[in-house]
Every structure is written in C-alpha cells, then in structure tokens.
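Quick caveat, the model's predicted, so the values are computed rather than measured. Order of the sequence lines sets the chain letters (A, B, ...), proteins ahead of strands, with each chain counted from 1.
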Number of protein chains: 2
Amino acid sequence: MDWLNLPIAQPDAKARRAAEDRQQNLTKPPGALGRLESLAIELAALQGTPLPKADRVHVTVFAADHGVVAEGVSAFPQAVTTEMIRNFARGGAAISVLARTLDATLEVVDLGTVTDPGPLDGVLSKRIAPGTENFAEGPAMSEAELNAALEAGRAAVLRAKQAGAQIFIGGEMGIGNTTAATALLCALQDCDPANVSGPGTGLDAAGVARKAITVRRALARHKPGITSAREALRCLGGFEIAALVGSYIACAQSRFVAIVDGFVAGSAALCAERLCPGVRPWLFFSHTSTEPGHRVILAALNAEPILDLQMRLGEASGAAVSVPILRLACALHNGMATFAEAGVSKKSQ
Amino acid sequence: MDWLNLPIAQPDAKARRAAEDRQQNLTKPPGALGRLESLAIELAALQGTPLPKADRVHVTVFAADHGVVAEGVSAFPQAVTTEMIRNFARGGAAISVLARTLDATLEVVDLGTVTDPGPLDGVLSKRIAPGTENFAEGPAMSEAELNAALEAGRAAVLRAKQAGAQIFIGGEMGIGNTTAATALLCALQDCDPANVSGPGTGLDAAGVARKAITVRRALARHKPGITSAREALRCLGGFEIAALVGSYIACAQSRFVAIVDGFVAGSAALCAERLCPGVRPWLFFSHTSTEPGHRVILAALNAEPILDLQMRLGEASGAAVSVPILRLACALHNGMATFAEAGVSKKSQ
C-alpha cells in the first residue's frame with residue numbers, strides 16, 4: 001500500500017487569485033452571487049485554472065454487504081444490496097436517473113455482497129468477500145481486505161481521471177452501512193453512539209436504540225486496540241466505505257476534485273483526512289443529510305454543504321444533485337461580461 | 001382592472017395523491033429524497049398531473065427606475081438600470097448566462113427607466129414613465145401607472161403560457177428597488193425599517209441607515225392613507241415590483257407555477273397574496289437572500305426556500321439557480337423504477 005504515502009497536492013494559489021479578480025469585475029455587485037462565487041473560485045484553485053469546469057462528471061457507486069446486519073440494525077433486508085445493484089444496472093435507481101439526467105458517467109463496483117449478482121452491464125465485479133464480518137463480534141475486515149477496498153477506490157479515481165472527468169463523485173450502497181459509518185465516526189471523533197445513531201433507511205425508535213447499543217458494544221470491543229484511523233476503518237468500516245476513503249485520498253493526490261455525498265460518504269471523508277491530512281481541500285460537500293451524525297462530521301471537517309434538501313438516500317444522490325449548482329457557478333464565472341466589456345458603471349458609494 | 005377579480009385556481013388534490021402514491025413505491029426508503037419528493041408532489045398538484053415537468057422555463061425580467069434614488073439609497077448610480085438592460089440584451093448579465101445554460105427563454109420588459117435604452121433585441125419596450133416618483137415626497141405611481149404595471153406582469157405570464165412554458169420566473173432590475181421593497185414590506189407587515197433595511201447592492205452602514213430613515217419618512221407620509229395592499233403598492237412600490245405582483249396573480253389564476261426569486265420579488269409575492277388571497281400555493285420560493293427583510297417575508301408566507309446560497313443579486317438569478325433542483329425532482333419522480341418493477345424488497349421493519 002505504498003500509494004497511500006504519495007504526496008497530497010496543493011490548491012493553486014495563482015489560479016485562485018485570478019478567479020477572485022475575475023469575480024470582482026463581473027457585472028454584478030461584488031459578492032452578490034454568494035456561494036456561486038466562492039464555489040467557482042475554489043474550483044479554479046483546485047483545477048489550477050482561472051476558468052474552472054464541471055461538465056464531465058464521473059460517478060462510481062461502491063456496493064458491499066455488512067456482517068453487522070445480523071444485529072438487526074437495518075429497516076430493509078440484506079438482499080436489497082444485491083437487488084439494488086441490479087436496479088442500478090437497469091437504470092431504475094435514483095443515481096441511475098440522476099446520472100442520466102446530468103449526462104454523467106456512472107459505474108457500479110461490487111466489492112462483495114452476500115449474494116453475487118453475477119455479470120451485469122455497468123457493474124464491475126471486484127468482490128473482496130461476501131460482505132464484511134460482524135464488527136460487533138470481531139474486526140470487519142482483515143488487513144488484506146482493507147487494502148483491496150482502499151485500492152478499489154483509488155482505481156475508480158484513476159479510471160475517471162483517465163477518461164477525462166473533471167469531477168469525481170463516489171457513492172455507496174450497502175444495507176447496514178449507516179451502522180458502520182456511525183461506529184467509524186464514534187471511533188474517530190470520540191462521540192457517544194446515542195447522540196449520532198439515526199434511522200438510516202427508516203428504523204423506528206427501538207431500531208435506532210438497538211443500533212446505538214450495537215455500536216457501543218463494538219466500540220467496547222475494538223476501541224482499546226484502535227490506535228489509528230486505519231485501524232478504526234479496518235475494525236468498524238465496510239468495503240464500500242474503505243473504497244470511498246481510498247478514492248478521496250487518490251483525488252487529493254492527483255489534483256482531482258471530489259464531491260462528497262451524505263453521512264456514509266462523510267464518514268469516509270473524515271477517515272481519509274485523518275489517514276492523510278490535506279485531503280480535505282479537495283472535497284466539496286454537497287448536502288446536509290438528516291442523519292444526526294452528519295452534522296458532527298461536517299463540523300469536524302469545517303465543511304459547509306451546498307444544499308440542504310433533507311435527503312438521506314446515499315448512492316451518491318446528494319452529490320449528484322449538487323452538480324448543477326457547480327455547473328451554474330462555472331457558467332456564470334466563465335460566461336458573464338465584465339463591467340468594462342458591458343459598459344456598465346461600477347459602484348459609486 | 002377587472003382581471004384582478006378573476007378566480008384563483010385550486011391545486012389538484014387527485015394529482016397530488018397520485019404523486020404521493022408514486023413516491024411511496026419508488027426504489028428508495030420512503031422520504032429519503034427529502035425536498036425532492038415534496039417538490040415533485042407539489043408540482044404535480046399545481047400542474048394537475050401525476051407526472052410533473054419543469055423542462056420549459058420562461059424568464060421575464062421587468063426593469064424600471066425609482067425616484068427614491070434621489071435620497072442616496074443605492075450603492076450604484078441610476079444609469080446602471082439602463083446599462084444592465086443593454087447587458088441583458090447582449091447576453092452578459094448573470095440571468096442571461098443562467099437562462100442560456102438552462103435552455104430557458106428570457107425576455108426583458110422595460111417598464112420605464114430614466115434613460116430610454118432604445119430598441120434592443122429581446123427587450124420589450126413597455127415604458128410607463130421615466131421611472132417612478134420619489135416616494136419619500138409623494139406616491140410612487142398614479143392609479144393608471146399602477147394598473148399599467150400590473151397588466152404588464154399579467155401580459156408576460158400570458159405570453160409565457162401561450163408559448164408552452166411549464167414554469168414562469170419573474171425577475172427585476174431597478175437601481176433603488178430594495179428601498180421600495182423594504183418600504184412595501186414595512187407597510188404590509190408593520191415592520192420597523194431599521195430591522196429590515198439591508199445593504200442591497202452594497203451600501204455601507206451609513207448608507208443602510210440612510211435607507212432606513214428614508215423608508216421611515218415615506219411611511220410617516222403615506223401610512224395614514226394606506227388602507228389596502230393595492231394602495232401600499234401604488235405609494236411605495238415600483239413599476240417592476242407591481243409587474244411581479246400582477247404576474248404572480250395571473251399565474252395563480254391560470255394554473256401556472258411561478259418560482260419567486262429573492263427579496264424584491266418576495267415583497268411582490270407578499271403583496272400579491274394580500275391583494276388576492278390564494279396566490280401563495282402557486283409560488284415556489286427559490287432561495288433565501290442575505291437581505292435581512294427576506295426572512296420576514298418568507299415567514300409571513302410560510303415559505304421554505306429550496307436553496308440558501310447567500311445570493312442577493314435579483315434579476316431572477318436565484319430562481320433560475322433553483323430550476324435544476326426542480327428538474328431533477330421531476331426526473332427522479334417520473335423516471336425511477338418502482339419496487340415491483342425492479343424486483344427490490346420493501347422495508348421489513
């Protein structure tokens with residue numbers, strides 16, 4: 001796993017200044033486009049150009065199953081992970097519709113579900129194991145499994161970059177994965193599981209309480225041995241979460257902007273920043289999830305999401321919905337006339 | 001002005017129920033798409049179909065000058081109104097870029113600026129007067145001027161409807177018009193001008209104080225005679241604000257959804273609802289402006305905007321930026337597979 005030690009890139013200060021100057025001269029009161037201005041400026045700094053772009057967007061959805069589902073922590077049966085992989089392939093899932101509407105490329109990577117969905121168009125089979133182990137009873141993954149999952153994330157980023165994408169979006173599908181994300185968050189941020197466990201796909205109050213108890217049990221078992229973000233991820237994470245961690249690190253190493261989805265992807269972003277400090281600037285945060293732990297993650301990463309639409313679906317759906325905002329920010333930044341070009345008077349007071 | 005008394009349409013309860021049922025059966029946990037679900041359902045009820053659309057969007061920007069600018073209430077010189085009309089026509093303004101990027105039709109209606117811009121492509125000359133009167137000294141408009149402005153708004157809606165638009169967006173351009181919107185808001189909601197006066201295009205603290213004092217003076221002069229929303233609009237509004245009022249009423253009369261922009265458009269929406277109760281359901285609120293009075297308007301109309309991007313530009317820019325969110329909401333609502341179609345298991349707990 002030498003690649004984890006590759007250097008993290010730095011945003012381009014010169015491109016940022018050029019973009020800031022441009023914003024000051026466009027025909028509008030300075031600052032009047034709010035976040036649309038700062039998003040264009042940030043994107044310019046990350047892409048190393050005064051005229052940033054968000055036209056070519058690649059979405060990879062990592063899918064995997066979770067042993068911890070045995071503890072009764074999900075409102076949907078485990079078979080849904082594989083069923084949803086088929087739904088992605090057939091184009092009927094939310095992210096399928098969003099990718100199509102946004103003209104984004106979409107691939108699904110099967111990192112290991114209980115039932116192998118078999119060969120499917122648009123689905124890469126990179127099965128590590130038929131799901132993780134139940135982390136309430138032992139580590140979720142072995143060292144080798146963790147490395148394979150991290151590497152799968154990096155490989156997706158390199159494919160997207162190779163294909164000419166300007167923006168990378170990682171998504172996840174895995175029944176039980178909000179429990180893994182909650183456990184990972186609690187280990188990384190020393191939170192009380194009762195404060196950050198949420199309904200996920202739709203648990204009732206008793207289900208949320210069971211989830212919190214499961215996470216507490218897992219932390220009691222593993223926490224003494226967890227001395228690094230890497231070990232937290234191995235013991236408590238999932239294949240798709242580790243792949244997202246690998247993807248964010250690979251983005252930051254290769255000057256590639258990633259848009260982070262909601263709670264589960266957010267837990268991966270936090271873990272990526274802890275594993276490789278300096279990843280954070282390469283991440284745009286798309287939306288605020290209704291999962292209670294998400295605000296803790298956003299605060300820890302000093303992240304202000306673009307949207308708050310009360311979404312909690314995952315699959316990269318929130319990240320996808322933020323793409324048009326970035327595109328409009330770029331269109332305004334690159335396409336508006338300056339005061340001089342338009343012969344419009346500047347501020348007088 | 002008989003048309004103001006035409007009946008307001010009712011949202012279609014049957015289409016709403018059909019859309020709600022559909023959302024319950026799409027392959028996602030119920031509610032997991034948050035606002036995207038409720039926006040699609042609302043749009044279905046307003047358009048009277050279980051499968052709503054936001055593809056064909058029409059934007060009309062109403063432009064006019066304001067006599068109250070003589071009180072030193074704007075950070076930009078008054079010439080900018082006409083200069084910006086030219087910038088709209090040449091395609092260099094924010095709304096020009098947004099309309100182009102969104103493939104929306106854009107027209108500009110000149111309702112009266114101090115300097116006539118002359119004939120311009122894409123600009124309808126419907127000049128009522130070379131700007132309103134200074135409402136700190138007397139009524140902004142005569143009865144006839146108010147009627148002409150209201151009617152100009154209605155005419156734009158009827159043109160858009162005739163051309164097959166599915167969504168109407170009204171925008172405004174007029175140096176000084178946040179002062180008019182503030183005065184109108186204060187009259188309609190009985191607010192203290194000191195609490196709702198903001199920087200507009202970029203006033204400093206002294207400028208904001210001057211604006212609040214100007215509004216207070218105007219209210220002291222006019223308020224005793226203001227016994228209706230109509231009279232508040234005539235005494236304190238502007239041609240473009242009255243046109244927006246007329247447009248929202250015409251939308252509600254003709255089963256046509258409008259997306260309301262920020263503070264100035266919001267003041268018109270509030271006035272429209274007071275003039276013709278029942279307009280409110282036909283309005284989507286796009287974003288929360290940084291102008292302090294906007295939150296008062298949103299609360300008065302029980303409106304929760306789709307976006308909060310710290311914008312404060314006007315021109316319909318915030319409304320335009322919300323269009324892709326509505327489009328994605330429709331794409332998901334109309335294009336996702338149901339559980340039965342996809343063979344995905346439903347919630348088990």
Side-chain angles (χ1 to χ4, degrees), chain A residues 26-36 72 74-77 79-80 83-84 86-87 90-94 96-98 100-102 200-204 207 290 306-314 317 320-321 324-325 327-328 331-332 335-337 341-349, chain B residues 26-36 72 74-77 79-80 83-84 86-87 90-94 96-98 100-102 200-204 207 290 306-313 317 320-321 324-325 327-328 331-332 335-338 341-349:
Chain A
L26 298 177
T27 44
K28 58 175 174 53
L33 285 169
R35 281 302 290 280
L36 298 175
S74 179
F76 277 80
V80 167
E83 290 166 356
M84 283 300 294
R86 294 203 182 97
N87 197 23
R90 286 199 206 107
S96 317
V97 172
L98 292 170
R100 208 154 58 224
T101 309
L102 296 169
T201 51
L203 287 173
D204 58 15
T290 56
I306 299 167
L307 300 170
D308 184 354
L309 297 170
Q310 289 100 63
M311 296 173 71
R312 54 179 173 83
L313 179 58
S317 59
V321 175
I325 306 296
R327 285 180 174 168
L328 291 177
L332 289 161
M336 281 179 70
E341 284 163 1
V344 173
S345 307
K346 295 192 91 167
K347 197 171 159 181
S348 55
Q349 293 185 11
Chain B
L26 299 177
T27 45
K28 58 175 175 56
L33 285 171
R35 282 301 293 278
L36 298 176
S74 178
F76 278 79
V80 167
E83 290 165 359
M84 284 300 293
R86 295 203 181 97
N87 197 24
R90 286 199 205 108
S96 318
V97 172
L98 292 169
R100 208 154 58 223
T101 310
L102 296 169
T201 52
L203 287 173
D204 58 14
T290 56
I306 300 166
L307 301 171
D308 184 355
L309 297 171
Q310 289 101 62
M311 295 172 73
R312 54 179 172 83
L313 179 58
S317 59
V321 174
I325 306 297
R327 286 181 175 168
L328 291 175
L332 289 160
M336 281 179 69
T338 62
E341 284 164 0
V344 172
S345 308
K346 294 191 92 167
K347 198 170 160 182
S348 55
Q349 293 183 14

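Arg327(A) does not touch chain B: none of its heavy atoms, backbone or side chain, sits under 4.5 Å away. For Leu307(A), the part lying near chain B is the side chain, with the backbone staying farther off; criterion is any non-hydrogen pair under 4.5 Å. Of the two parts of Arg90(A), only the side chain, counted from C-beta on, holds a non-hydrogen atom closer than 4.5 Å to a non-hydrogen atom of chain B. Contact of Ile325(A) with chain B is made through the side chain alone, with heavy-atom distances under 4.5 Å. Contacts of Ile306(B) with chain A are made by both backbone and side-chain atoms, with heavy-atom separations under 4.5 Å.
For the atom pair CG (Leu33(A)) and CZ (Arg312(B)), the distance works out to 9.0 Å, reported to the nearest 0.5 Å. Note that CG of Asn87(B) is 9.5 Å distant from CD of Glu341(A), once rounded to the nearest 0.5 Å. Residue Leu332(A) holds its CG atom at 4.5 Å from CG of Leu98(B), rounded to the nearest 0.5 Å.
Counting only heavy atoms from C-beta outward, the side chains of Asp308(B) and Asp308(A) never approach each other to under 4.5 Å.
If you tally non-hydrogen atom pairs under 4.5 Å between each of Gly31(B), Pro30(B), Gly91(B) and chain A, the highest count goes to Gly31(B). Here Ser345(A) is the residue among Ala342(A), Ala337(A), Ser345(A) with the most heavy-atom pairs under 4.5 Å with chain B. Ranked by heavy-atom pairs under 4.5 Å with chain B, the first of Ala32(A), Pro29(A), Gly92(A), Gly34(A) is Ala32(A). The candidate with the highest count of non-hydrogen atom pairs below 4.5 Å against chain A, out of Arg100(B), Arg86(B), Lys346(B), is Lys346(B). Taking chain A as the reference chain and counting heavy-atom pairs below 4.5 Å, the highest number among Pro77(B), Gly335(B), Ser317(B) is found for Pro77(B). Chosen from Gln310(B), Arg35(B), Glu83(B), the residue pairing most often with chain A at heavy-atom distances under 4.5 Å is Glu83(B). Ranked by heavy-atom pairs under 4.5 Å with chain A, the first of Thr338(B), Leu102(B), Val80(B) is Val80(B).
In this structure Ala331(A) satisfies the side chain to side chain contact (heavy atoms under 4.5 Å, CB included) test together with Val97(B), Thr101(B), sequence neighbours excluded. Remark: Thr201(B) pairs with no residue by the side-chain hydrogen bond (donor to acceptor under 3.5 Å, both in side chains) rule, at least two apart or across chains.
Between Thr27(A) and Met84(B), the closest heavy-atom pair is O-CE, 3.9 Å. Closest non-hydrogen pair, Leu328(A) versus Pro324(B), comes out as CD1-CG, 3.9 Å. Of all the heavy atoms in Lys28(A) and Leu313(B), the pair that sits closest is CB-CD1, 3.8 Å.
Formation of a donor-acceptor pair under 3.5 Å by the Lys347(A) side chain with backbone atoms of Gly202(B) is found in this model.
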